Each structure stands twice: as structure tokens, then as C-alpha cells.
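Input: a single structure, listed below in C-alpha cells.
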Amino acid sequence: MKGRTAYRTLLIRRRVEEIPPEQLVRFIEVQEAFRRWATGWYKSGFKAAAPAENPLKYFANELKYALKLLPTNGLKNGVWKVPLVFNAQLRINNEKDMSRGVFVDLPKGEVRIRKWGGGTIAVRLRDSEAKWIVERVKEGGRLVLALAWVGRVKRMNITTFNLALVFARKVVQYQPKRLLAVDLNALHNGIVWAVVDGVRVLRKGVLRPDVGEIGRLQREVSRLDSLCSERGEYCKQAMTLKSRLWRLLRKFEDEVADWLVHEARRNKAAVVIDVPEDESMRQLKESGYAPERKIFLNLGRLRRRLRGLAEWYGIPYKEERLYSTVCPHCGGKMEELPNRRVKCQQCGFKAPRDEVPILWAVKRFSELAQPPSFSTLVLTPLA
């Protein structure tokens, strides 16, 4: 079977205060100049002439190679906010420096960013970042390019210097023997999963975040935000706590994705995700849904991480509607009961609402387990 290329990205994020001020100012100038050219190139249908002088000429040439990995789905406020694209090299032992734009020196534990017109920016690698790189190399990954930009992290209200190292490897999807069916709904209700083998559910469970701790943090953030608004006090503390809240949610999402992918590989299963429709989620967010619960409705990052990991490990992956309000026995409409249970109005079948999609996966096993039902994925490094 012919392999295909999969990608994973390590995002190295540092506060702008860690970059020498003169270099930071110059880097932003180059970034904005390149974005002006890239926006014109985008609007011309990618036909405008490349810049004549470096470093913009260098970035324009590298951007053409990286174009398939970057989002090209529109401008934001009239600007295509592309990062600066660098060719890159990874030194694991004592390999010769090939003068690439980004040089990742594992023995010295640092990354050097060059060819941008303002000298060399050196960034120390954290132990966790070096470990991540080593793990990807052991899996057959190779560093193919790097992306760098300065931008604001909205949720933390800080501006950071960002470097994304993009690794690639050839993978071949395996033929699944089982299904790992996953029902993605509001996180506080839990991520329901089951390993399905033909007409049998071998294992099932629910993965939940620490709802109590998240609720406590939300209440404290709300209190500090009020003090910040009324008196101009505790604003920094509120922002720090918001960052902690989002880190807690990200940690849960990462752990869930890693665990589900491990389970799929262990069972040689295809991953079939039941996700809420975008319109239904939008209506929930705009409705009278409890404000403190809306934070649990953001499923996009978890979906992207699951897709990316499945692609990297050659796991067949599909997002499919597995109904929770349609009876898996007779196809009748299910009515809501207390405690998130449902009952079929036609045949009287009852079940927990979150387990109905799993029963649909059992019912449709033969169809869902067939290779043609899995679409080819393209992973965007900045997702």
C-alpha cells in the first residue's frame, strides 16, 4: 500500500521580553513587510512577482514550498497573516551546520533563527521540548521546515515570540479490525468512548475533566475581573488565573487525545468520532446556556489534535454523525428523560443519551470499518 506524508508540529512559545529588544523590533518590521507582500500575492491568485531582495525574497521562496501546509482560507482584516517560513536543520549528534534558516542544535539545547535580516535569535530548548523532538525522530520523523511569528495570545492577553518546528514522516494506514467510537459533546458531560468489535462492545468508558476545579477557577476569575473593572485592581491576577484555567483545559484535551489514540493503536481500531453539528453548537452558545458551562463547548482543539495524531500514526479516522436522538433499534425519534437519558417514542427503548451513538456504531460496524469510508486528511501545522 502506498504511504503518504503526515505532519506534527512543536510550538515553541516565548514571551517577547525574552527576545533582545532591538531584534524584536526588527523582526516585527520584517514580518509586517513580508505580510504586505504575501497579501498582494494572495490577492493576485499567487501570481505576483517575488520580492527582489532578501530577506523577503528568501521567505517568498520558502513560502511556496510550505503553501500546502498553511491556511489559505481568507484574509483577516484585509491581511494574510502568514508566518515567516524558514528551511530548517536538526543536529542530533555532530552533523555539519548546513546554514539553514533555523538550526535546531539538540546537543547544545538551543534553536538558532537566522536569515531574517537581524542577526541570530537564540532560543533555549526546554527539556520537554527536546524530549518531544527525540520522540518524533525515533518514530521516523524528520524536520522539514520552521515557521516563526510574533503575535498576541488572546486568551492570555500577552504577546509572544513563536516558533513552530514541522516534522514529517511517511505513514501507511492500517486495515482496522475494530472501531473506537467516540462521542464528543460538551466536555462537562464527558467524552464517551467504546471499543466495538462487530456486534459487541468490548470496553467502554467516560473521560471527564475536573469540573469542580474548573468551576472554582471560573468563580475566582469572575471575582477578580469585577475588581479589575471597578477599581483597576487585581487585573494581573485575573489574567494569570485565566491562563491557568485554559492550561487545565488544554492538559485535559491533550491527555484525552493521547489516551484515545493509544487505545486505537492497541486495538488496531479505526477512530470514528461523533461530533455535534456546528449549527447546534452555535445555537447552544447563543442561547440561555449557563455561562459557566459555555467554556466546555469548545471542541475544535480536541478534534484537531485527534485528527493530527491519527494521521501521524496511520490510524483510519472519520468524523461521522452517530445519532443520539434516533433509536438504534427501530429508527424512531427519542425523547429526553431526566438525567440525560432518552426513550424511543416508537418502541420504548431506553438508554443513556451519550451511549446511543455507541449503539449506532455497533449497528453500522461493517459500513464504518471499510477503508473507503475514511477520507484523506491534510494536517495544518498551525492548527
Side-chain angles (χ1 to χ4, degrees), residues 11 13 15 126 128 132 152-158 160 180-194 204-231 233-263 271 273-309 319 324 336 338-341 352-355 357-358 383:
L11 176 59
R13 177 175 284 161
R15 290 181 177 269
R126 294 170 181 157
S128 58
W132 189 97
R152 179 169 290 277
V153 183
K154 294 181 181 179
R155 289 174 177 170
M156 294 188 284
N157 196 30
I158 60 172
T160 57
L180 177 63
V182 182
D183 181 28
L184 285 189
N185 51 51
L187 295 180
H188 61 280
N189 291 325
I191 307 301
V192 179
W193 62 272
K204 64 181 181 180
V206 183
L207 304 169
R208 288 190 177 90
D210 189 340
V211 177
E213 176 66 6
I214 291 171
R216 186 190 70 79
L217 290 174
Q218 284 183 305
R219 290 189 294 272
E220 184 64 11
V221 166
S222 179
R223 185 182 73 83
L224 293 174
D225 273 342
S226 296
L227 292 172
C228 176
S229 177
E230 294 169 4
R231 307 178 194 173
E233 300 175 350
Y234 298 102
C235 299
K236 185 175 181 180
Q237 290 93 326
M239 191 55 60
T240 299
L241 210 57
K242 287 178 184 177
S243 298
R244 181 179 170 187
L245 176 60
W246 286 109
R247 286 197 303 272
L248 183 61
L249 281 170
R250 287 198 303 270
K251 182 174 183 290
F252 170 74
E253 292 165 351
D254 290 346
E255 289 176 349
V256 166
D258 291 347
W259 189 89
L260 290 173
V261 165
H262 176 268
E263 194 70 5
V271 176
I273 307 289
D274 175 53
V275 294
E277 295 177 347
D278 292 339
E279 180 61 21
S280 65
M281 293 300 287
R282 185 188 65 79
Q283 290 175 358
L284 265 180
K285 291 179 180 180
E286 295 176 356
S287 68
Y289 203 76
E292 68 274 11
R293 294 294 180 94
K294 290 185 179 180
I295 194 173
F296 296 111
L297 300 179
N298 299 315
L299 301 173
R301 184 178 181 276
L302 178 54
R303 288 169 66 180
R304 291 192 297 270
R305 181 157 180 81
L306 276 170
R307 274 200 308 268
L309 288 176
E319 294 183 0
S324 59
E336 293 278 355
N339 300 320
R340 289 188 63 80
R341 293 184 65 83
R353 174 173 177 157
D354 297 327
E355 292 188 9
I358 304 302

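All values derive from a computational prediction rather than experimental measurement.
- Counting only heavy atoms from C-beta outward, the side chains of Arg244 and Leu217 approach each other to under 4.5 Å.
- Side-chain contact between Glu253 and Leu187: present, with at least one pair of heavy atoms (C-beta onward) separated by less than 4.5 Å.
- The pair Lys251-Glu255 counts as a salt bridge, with a side-chain nitrogen and a carboxylate oxygen less than 4.0 angstrom apart.
- A distance of 9.5 Å separates CG of Leu224 from NZ of Lys242, quoted to the nearest 0.5 Å.
- Asp274 and Pro357 get closest at one heavy-atom pair: OD2-CG, 3.7 Å.
- Just one of Asp183, Leu302, Val206 meets the side chain to side chain contact (heavy atoms under 4.5 Å, CB included) condition when paired with Ile191; it is Leu302.
- Scanning both residues, Ala257 and Leu306, for their nearest heavy atoms gives CA-CD2, 3.8 Å.
- Side-chain contact between Arg305 and Val256: absent, with no pair of heavy atoms (C-beta onward) separated by less than 4.5 Å.
- No side-chain donor from either of Asn189 and Asp354 sits under 3.5 Å from a side-chain acceptor of the other.
- Scanning both residues, Arg208 and Phe252, for their nearest heavy atoms gives C-CE1, 3.3 Å.
- Side-chain contact between Lys204 and Val192: absent, with no pair of heavy atoms (C-beta onward) separated by less than 4.5 Å.
- Two residues are said to be in side-chain contact when any heavy atoms from C-beta on lie closer than 4.5 Å; Gln237 and Leu227 fail this criterion.
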Would you please test Val182 and Glu263 for side chain to side chain contact (heavy atoms under 4.5 Å, CB included) and show each step? CA-CA 12 Å; Val182 182; Glu263 194 70 5; over 6 Å; no
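- Side-chain contact between Arg13 and Ile158 is absent, with no heavy-atom pair separated by less than 4.5 Å.
- Residues Arg301 and Asp254 have side chains in contact (heavy-atom distance under 4.5 Å, counting atoms from C-beta outward).
- Atom CD in Glu233 sits 12.5 Å away from atom OG in Ser226 (nearest 0.5 Å).
- Taking each heavy atom of Ile214 and Pro209 in turn, the nearest pair found is CD1-CB, 4.0 Å.
- Side chain of Ser229 to main chain of Asp225: no donor-acceptor pair is present (N/O by atom type, distance under 3.5 Å, no hydrogens or angles).
- One distance of note links CG of Leu260 with CG of Leu184; it measures 8.5 Å at 0.5 Å rounding.
- Note that CZ of Arg353 is 4.5 Å distant from CD of Glu336, once rounded to the nearest 0.5 Å.
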Could you go through Tyr234 and Leu241, starting from their C-alpha distance and side-chain angles, then the distance that decides it, and tell me whether this counts as side chain to side chain contact (heavy atoms under 4.5 Å, CB included)? CA-CA 11 Å; Tyr234 298 102; Leu241 210 57; over 6 Å; no
